[in-house]
Amino acid sequence: DTEVTQTPKHLVMGMTNKKSLKCEQHMGHRAMYWYKQKAKKPPELMFVYSYEKLSINESVPSRFSPECPNSSLLNLHLHALQPEDSALYLCASSQQSGANYGYTFGSGTRLTVV
Amino acid sequence: GIQVEQSPPDLILQEGANSTLRCNFSDSVNNLQWFHQNPWGQLINLFYIPSGTKQNGRLSATTVATERYSLLYISSSQTTDSGVYFCAVKNSGGSNYKLTFGKGTLLTVNP
């Protein structure tokens, strides 16, 4: 299995809702990442998990809450989002978080906040 | 942080044409990847190429790390090659935990 699987593919949520994005990989990778991509822009890093521990938070607002329950699964819990949080959310993994490893990306969750 | 510049920003080709995409970076890198983002948003890894040359079918890539650039060659382009091509790098020093993306090249291949 050489894939990163993200669910759901599309999500529409209200500003008072609570929802979660899910990301799964079975490649034995020990680093997992959340990226946010606005339309016509490159992806921007949000969080880095290394060996199931949060190692990097790129000053992301607390309405985004990541969780790594095990080495194969990464969640992003969403609460009280704003319309400007509408974006494509991409999950990625790599063998480790060090420099010399290629990233594999999932197909993303397209989030719309209404 | 490291700067990544891609050129051209937009490229329109007729099917069958060849093209070269360029990625310049402002500092030494020990990780460089080329990705293709399809119209549905998926980022597909084309090459992991911090140095040297690689080929995969109609695509090939060359990175000259000492001169801080990488090139992606697409030969005999097909309509399915359309999409955005991103170069992404990790700095050898500094914030080397972070894969930094260029702004991408939007490629349109017309039949």
Side-chain angles (χ1 to χ4, degrees), chain A residues 2-6 8-11 21 23 25 27 29 31-51 53-60 86-112, chain B residues 1-7 9-10 21 23 25 27-52 54 56 61 63 65 70 83-108:
Chain A
T2 58
E3 287 188 347
V4 174
T5 303
Q6 289 189 243
K9 293 198 183 306
H10 300 274
L11 178 63
L21 310 185
C23 173
Q25 56 87 16
M27 295 178 280
H29 288 177
M32 296 184 77
Y33 313 84
W34 281 114
Y35 277 78
K36 174 181 178 179
Q37 186 179 20
K38 300 284 278 184
K40 299 190 185 300
K41 297 286 188 182
E44 293 182 343
L45 181 66
M46 300 175 71
F47 302 104
V48 179
Y49 270 82
S50 180
Y51 289 85
K53 293 192 187 317
L54 180 65
S55 60
I56 300 290
N57 176 340
E58 288 281 279
S59 303
V60 178
S86 299
L88 179 67
Y89 288 85
L90 292 160
C91 174
S93 70
S94 63
Q95 200 167 343
Q96 294 188 30
S97 61
N100 302 329
Y101 302 98
Y103 285 38
T104 300
F105 279 82
S107 55
T109 294
R110 203 166 292 277
L111 174 69
T112 303
Chain B
I2 192 168
Q3 305 299 311
V4 183
E5 291 185 5
Q6 291 187 241
S7 60
D10 299 277
L21 281 56
C23 172
F25 37 94
D27 204 345
S28 57
V29 301
N30 50 18
N31 182 331
L32 188 147
Q33 285 186 261
W34 282 97
F35 295 95
H36 174 217
Q37 189 163 40
N38 65 25
W40 298 271
Q42 181 159 18
L43 272 171
I44 299 163
N45 179 29
L46 299 176
F47 295 102
Y48 170 77
I49 186 166
S51 63
K54 290 186 177 179
N56 183 2
T63 297
S70 182
V84 182
Y85 289 80
F86 286 107
C87 169
V89 303
K90 272 192 181 179
N91 199 344
S92 298
S95 49
N96 58 0
Y97 62 88
K98 189 174 183 175
L99 192 67
T100 299
F101 284 76
K103 292 185 177 180
T105 291
L106 175 59
L107 175 65
T108 303

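Residue numbering restarts at 1 for every chain, and letters A, B, ... go by the order of the sequence lines.
No side-chain heavy atom of B:Leu99 sits less than 4.5 Å from a side-chain heavy atom of A:Leu45. Taking the side chain as every heavy atom from C-beta outward, B:Tyr48 and A:Tyr101 never approach each other to under 4.5 Å. The shortest distance between side-chain heavy atoms of B:Lys103 and A:Lys40 does not fall below 4.5 Å. Residues A:Val4 and B:Gln42 have side chains not in contact (no heavy-atom distance under 4.5 Å, counting atoms from C-beta outward). No side-chain heavy atom of B:Trp40 sits less than 4.5 Å from a side-chain heavy atom of A:Ser107. At least one side-chain heavy atom of B:Asn30 sits less than 4.5 Å from a side-chain heavy atom of A:Asn100.
For chain B, no part of A:Gln6 is nearby; none of its heavy atoms comes within less than 4.5 Å. For B:Phe47, no part lies near chain A; criterion is any non-hydrogen pair under 4.5 Å. Only the side chain of A:Glu58 comes within contact range of chain B, judged by heavy atoms closer than 4.5 Å.
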_The test is side chain to side chain contact (heavy atoms under 4.5 Å, CB included); show your working for B:Asn45 and A:Thr104 and say whether it passes._
CA-CA 7 Å; B:Asn45 179 29; A:Thr104 300; 5.6 Å; no
*Between B:Thr100 and A:Glu44, does a side chain to side chain contact (heavy atoms under 4.5 Å, CB included) hold up when you go through it step by step?*
CA-CA 8 Å; B:Thr100 299; A:Glu44 293 182 343; over 6 Å; no
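Within the 3.5 Å criterion, the main-chain N or O of B:Gln33 finds no donor-acceptor partner in the side chain of A:Tyr103.
Annotation for A:Pro42 and B:Gly102: closest pair CB-O, 3.2 Å, computed over non-hydrogen atoms.
At most 12 non-hydrogen atoms from other residues, nucleotides or ligands lie less than 6.0 angstrom from NZ of A:Lys9.
Taking A:Pro43, A:Ser94, A:Ser50 one by one and counting their heavy-atom pairs under 4.5 Å with chain B, the maximum is reached by A:Pro43.
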